[in-house]
Participant: 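Mind having a look at this structure? Questions to follow.
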Amino acid sequence: MATLTFKGGIHPYDGKDLSKNKPIAEAMPTDEMIFPMVQHIGAPAVPIVAVGERVLANQKIAEAGGFVSANIYSSVSGTVKAIEKRRVINGDMANCIVIANDNMFEYAPPIPVKPIAEMTKEEVIGVIKEAGIVGMGGAGFPTHVKLSPKDPDKINYVIANCAECEPYLTSDYRRMIEEPEKLVAGLKIILCLFDHAKGILAVEDNKPDAIKKLKDLTLDEPRIEVKALKTKYPQGSERQLIYATTRRAINSTMLPADAGCVVDNVDTIVAIYHAVIEGKPLTERIITVTGDAIRFPQNFKVKCGTLYSSLIEEAGGFRDAYPEKIISGGPMMGVSLFDTNVPTTKISSALLCMKKDDVKASKPTNCINCGMCVGVCPSRLIPSRLADFAENGDKGQYELYHGMECVECGSCSYICPAKRHLAQSIRTMRKQILADRRKK
């Protein structure tokens with residue numbers, strides 16, 4: 001049994017049996033493809049196509065709006081129908097390029113690349129930047145920025161986040177089972193950028209077959225090690241993953257690079273392989289469509305811009321009545337959807353459809369001071385007290401009790417016997433304080 005882990009955490013029902021044994025299937029794109037200009041942290045991308053223009057699949061349609069931003073490519077060929085505000089995953093109206101898919105799948109030439117042995121480090125990062133690759137675990141941080149720390153020589157570890165600790169999600173697992181060679185090759189590309197770094201493939205021990213495959217592939221790779229982690233949520237959270245694998249700690253004021261680490265998600269690393277070796281931009285990803293309301297849970301290779309409603313149809317539709325809860329992402333950190341006619345993006349990892357909304361069905365009661373939220377908090381905070389401060393608008397006390405160290409994992413809300421919405425209150429206050437700081 002793996003012992004690499006962190007203090008705190010929970011063991012929710014993982015729901016992975018619904019889709020873990022379903023091989024990746026190709027999902028058909030929709031007739032109308034929608035590409036939001038914000039699919040990443042940082043400045044929105046800027047459209048470089050015009051309404052009425054015909055575009056090809058893998059053609060750049062929007063350029064990064066700054067250093068912390070990312071290019072966006074069309075995943076289909078067709079005609080630009082509109083550049084306008086459309087509804088996106090979080091419910092906002094965002095600027096989008098709308099393309100009428102002609103279903104001809106004519107492709108633009110690939111990004112120019114050379115054999116990896118002939119490329120400089122700057123050229124490798126340049127290709128990654130040009131390909132529009134971002135963190136595909138959910139954060140969407142532009143990968144070329146992450147791979148450009150102030151002092152590359154101080155990076156000691158490149159960690160492949162293979163934990164996939166969020167319940168129900170199995171997209172990374174299927175990647176590891178079906179395309180482990182691309183994952184290892186992508187990790188080796190990143191290691192080329194950091195002369196003193198060791199690669200770590202960090203996998204939870206509930207995936208023994210994936211661990212074996214990766215160990216077999218890296219037997220003759222002295223710079224790469226496979227580490228089995230204890231299965232526990234949120235084992236895949238960046239801070240917890242770094243601590244479990246290296247025993248190095250970071251806080252909210254630090255980046256992983258400050259602890260000598262770089263962390264990338266499985267799909268991100270595979271995207272790096274496709275870009276640097278094949279010259280392929282980021283236009284598709286693996287998405288798990290699952291939950292007890294889905295007729296045939298599945299893992300799909302999805303072209304970005306495809307509507308979520310289409311993926312539901314691909315999975316056989318709903319079993320019975322319309323589900324009470326639909327989430328983009330996992331149940332712990334995902335975003336609830338009130339409309340499935342919104343586009344998938346680079347950071348769409350899953351679509352979870354549940355017959356019953358357990359959160360809505362549970363009514364909060366008064367805190368009983370049991371301390372269970374304290375025991376599971378991976379940041380070693382006092383969530384019940386932070387929620388009190390948040391609900392009373394006391395920003396001073398909130399910061400005094402280290403509320404900014406919250407990783408927003410939701411473990412406290414999950415374990416609370418009083419069913420208090422602890423994580424929601426804490427998260428809301430944290431966003432308010434961050435917004436205040438940006439104004440100064």
Side-chain angles (χ1 to χ4, degrees), residues 2 4-6 116 124-125 128 133-141 143-144 146-147 149 152 155-166 169-194 196-231 234-248 250 255-257 259-277 282 285-286 347 349:
L4 298 178
T5 189
F6 59 95
I116 185 67
V124 171
I125 293 175
I128 292 170
I133 298 174
V134 303
M136 297 165 72
F141 194 82
T143 302
H144 68 277
K146 182 180 287 189
L147 298 181
I155 299 299
N156 307 122
Y157 298 100
V158 175
I159 305 169
N161 186 349
C162 312
E164 198 167 45
C165 64
E166 180 84 36
L169 274 61
T170 57
S171 55
D172 285 350
Y173 171 75
R174 292 312 310 177
R175 276 286 199 198
M176 289 186 280
I177 292 298
E178 297 183 43
E179 299 181 322
E181 299 86 358
K182 293 181 180 180
L183 173 59
V184 173
L187 180 56
K188 289 170 68 176
I189 291 171
I190 300 175
L191 287 172
C192 289
L193 305 174
F194 304 106
H196 308 296
K198 176 181 180 180
I200 298 175
L201 291 154
V203 193
E204 281 193 326
D205 60 5
N206 63 349
K207 306 173 184 67
D209 45 354
I211 291 172
K212 184 179 185 307
K213 277 180 177 284
L214 294 173
K215 283 188 173 181
D216 289 344
L217 282 172
T218 55
L219 278 175
D220 299 320
E221 299 290 346
R223 292 184 67 190
I224 299 177
E225 179 182 2
V226 180
K227 290 194 175 185
L229 310 176
K230 185 175 181 180
T231 299
Q235 188 70 262
S237 173
E238 199 167 59
R239 294 187 208 173
Q240 281 62 54
L241 188 71
I242 289 172
Y243 181 78
T245 53
T246 70
R247 285 299 183 260
R248 298 183 179 187
I250 63 172
L255 294 172
C261 299
V262 169
V263 182
D264 273 313
N265 167 264
V266 168
D267 239 10
T268 308
I269 296 173
V270 173
I272 289 172
Y273 165 83
H274 284 302
V276 176
I277 303 301
L282 177 54
R285 63 159 301 141
I286 310 302
I347 59 174
S349 59

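Computation of the quantities below employed the complete heavy-atom set of this structure, encompassing side-chain atoms and omitting hydrogens, waters and symmetry-equivalent molecules.
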Participant: Rounded to the nearest 0.5 Å, how far apart are CD1 of I125 and SG of C192?
Facilitator: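 The SG atom of C192 is 11.5 Å from CD1 of I125, to the nearest 0.5 Å.
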Participant: How close do L282 and A271 get, counting heavy atoms only, and between which atoms?
Facilitator: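 Shortest heavy-atom separation between L282 and A271 comes out as CD1-CB, 4.3 Å.
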Participant: Under 3.5 Å, is there a donor-acceptor pair between the side chain of T268 and the main chain of M136?
Facilitator: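 Indeed, once roles are kept as given, a pair shorter than 3.5 Å links the two residues.
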Participant: To the closest 0.5 Å, what do you measure between SG (C165) and CG (L241)?
Facilitator: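 Output value for this atom pair is 9.0 Å.
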Participant: Can you tell me how far apart CG (L214) and NZ (K207) are? Round to the nearest 0.5 Å.
Facilitator: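 Rounded to the nearest 0.5 Å, the CG-NZ separation comes to 11.5 Å.
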Participant: Strictly distance-based, threshold 3.5 Å: is any side-chain N or O of R248 a donor or acceptor partner for the main-chain N or O of I242?
Facilitator: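 Checked: no pair found.
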Participant: Would you say that L217 contacts I224 through its side chain, given a criterion of any heavy-atom pair below 4.5 Å between the two side chains?
Facilitator: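 They are not in contact (no side-chain heavy atoms under 4.5 Å apart), so the answer is no.
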Participant: Got a second to check how far N206's CG is from Y173's OH, nearest 0.5 Å?
Facilitator: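 Those atoms lie 9.0 Å apart.
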Participant: Which atom names give the shortest non-hydrogen contact between K198 and L191, and what distance separates them?
Facilitator: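 What the structure gives for the nearest pair is C-CD2, 3.9 Å.
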Participant: Would you check, one step at a time, whether the test side-chain contact (heavy atoms from CB on, under 4.5 Å) holds for F194 with L147?
Facilitator: CA-CA 9 Å; F194 304 106; L147 298 181; 4.1 Å; yes
Participant: Which heavy atom of H274 sits nearest a heavy atom of K182, and at what distance?
Facilitator: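 Closest approach of H274 to K182: CE1-NZ, 3.2 Å.
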Participant: Would you check if the side chain of K146 reaches a backbone N or O of V263 as a donor-acceptor pair within less than 3.5 Å?
Facilitator: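 Answer holds: yes.
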Participant: Identify, with sequence neighbours excluded, every residue that meets side chain to side chain contact (heavy atoms under 4.5 Å, CB included) alongside F6.
Facilitator: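 Side chain to side chain contact (heavy atoms under 4.5 Å, CB included) list for F6, sorted by chain: K232, P234, Q235, Q240, Y243, P378.
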Participant: What's the separation between atom CD1 in I159 and atom CG in L187, rounded to the nearest 0.5 Å?
Facilitator: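 The CD1 atom of I159 sits 10.5 Å away from the CG atom of L187.
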Participant: Excluding sequence neighbours, so at least two apart, what forms side chain to side chain contact (heavy atoms under 4.5 Å, CB included) with I347?
Facilitator: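 Residues passing side chain to side chain contact (heavy atoms under 4.5 Å, CB included) with I347: V134, T345.
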Participant: Does the pair T246 and N156 meet the rule for a side-chain contact (heavy atoms from CB on, under 4.5 Å), with working shown?
Facilitator: CA-CA 10 Å; T246 70; N156 307 122; over 6 Å; no
Participant: Go through the structure and list residues passing salt bridge (Lys or Arg N to Asp or Glu O under 4.0 Å) with E181, not counting sequence neighbours.
Facilitator: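 For E181 there are no salt bridge (Lys or Arg N to Asp or Glu O under 4.0 Å) partners, ignoring immediate neighbours.
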Participant: Apply salt bridge (Lys or Arg N to Asp or Glu O under 4.0 Å) to K213 and list each qualifying residue two or more places apart in sequence or on a separate chain.
Facilitator: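 With sequence neighbours excluded, K213 shows a salt bridge (Lys or Arg N to Asp or Glu O under 4.0 Å) to no residue whatsoever.
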Participant: Of all the heavy-atom pairs spanning P149 and I155, show the shortest one and how long it is.
Facilitator: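 Heavy atoms only, the tightest pair is CG-CG1, 3.9 Å.
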Participant: For the backbone of V266 and the side chain of R175, can you confirm whether one donor and one acceptor N or O come within less than 3.5 Å of each other?
Facilitator: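 Side chain of R175 to backbone of V266: no pair is present.
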Participant: Return the set of residues passing salt bridge (Lys or Arg N to Asp or Glu O under 4.0 Å) with K215 (not counting sequence neighbours), or none when no residue passes.
Facilitator: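 None.
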Participant: List the residues meeting salt bridge (Lys or Arg N to Asp or Glu O under 4.0 Å) with D220, not counting sequence neighbours, and say none if there are none.
Facilitator: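 For D220, no residue satisfies salt bridge (Lys or Arg N to Asp or Glu O under 4.0 Å) once neighbours in sequence are set aside.
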Participant: Would you name the heavy atoms of L229 and A244 that are closest together and state the gap between them?
Facilitator: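 Closest approach of L229 to A244, heavy atoms only: CD2-CB, 4.3 Å.
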Participant: I need the I269 CD1 to L201 CG distance, nearest 0.5 Å.
Facilitator: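 Nearest 0.5 Å value for the CD1-CG distance: 7.0 Å.
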Participant: Quick check: closest heavy atoms across I250 and A259, and the distance to 0.1 Å?
Facilitator: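 Minimum heavy-atom contact is CG2-CB, 3.5 Å.
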Participant: How about T245 and Y157: do any of their side-chain heavy atoms sit closer than 4.5 Å?
Facilitator: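 T245 does not reach Y157 side chain to side chain.
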Participant: Is a side-chain donor or acceptor of D172 paired with a backbone partner of C162 at a separation under 3.5 angstrom?
Facilitator: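 No.
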Participant: Does the K230 side chain pair with the main chain of T5, one donor and one acceptor, at a distance under 3.5 Å?
Facilitator: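 No, because the side chain of K230 does not come within donor-acceptor range (under 3.5 Å) of the backbone of T5.
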Participant: Look only at the side chain of D267 and the backbone of I286, and say whether a donor-acceptor pair between them is shorter than 3.5 Å.
Facilitator: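 Here the side-chain-to-backbone pair exists.
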